[in-house]
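Report on one structure; see the data block that follows.
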Amino acid sequence: MTKLVNRISFEQAEHAISYASHSLHIEGFDVTHEDCNFVRSVLTGEKTEAQFHKAIRNRFDV
């Protein structure tokens, strides 16, 4: 499994997640703390893209 090549800093991840979660909330979606933590771990390179895709498939039964 490869790590995200273009990982970003924790601060950049926080900004991106804040913006995205606010936009999703306006559209009627709930973004949990767990969701934010998982996305942050991928953006900062702690988890791989493959792990991210697998988690999404499992969560939404895709």
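Numbers for residues simply follow the sequence, beginning at 1.
Take H53 and apply the side chain to side chain contact (heavy atoms under 4.5 Å, CB included) test, not counting sequence neighbours, and it matches E49, R57. With sequence neighbours excluded, the residues forming a side chain to side chain contact (heavy atoms under 4.5 Å, CB included) with S41 are F38, E46, K47, listed by chain and number.
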Quick one: side chains of residues 8-16, donor-acceptor pairs under 3.5 Å with protein atoms, not counting sequence neighbours, listed by atom name and distance.
unit_1 : atom_1 : unit_2 : atom_2 : d
S9     : OG     : Q12    : N      : 3.1
S9     : OG     : Q12    : OE1    : 3.2
Q12    : OE1    : S9     : N      : 2.9
E14    : OE2    : R40    : NE     : 2.2
E14    : OE2    : R40    : NH2    : 2.7

Would you list the atom pairs, donor with acceptor, under 3.5 Å between side chains in residues 23-33 and any protein atom, with sequence neighbours excluded?
unit_1 : atom_1 : unit_2 : atom_2 : d
S23    : OG     : Y19    : O      : 3.2
T32    : OG1    : E34    : N      : 3.4
T32    : OG1    : D35    : N      : 2.9
T32    : OG1    : D35    : OD1    : 3.3
T32    : OG1    : D35    : OD2    : 3.0
H33    : NE2    : N37    : ND2    : 3.4

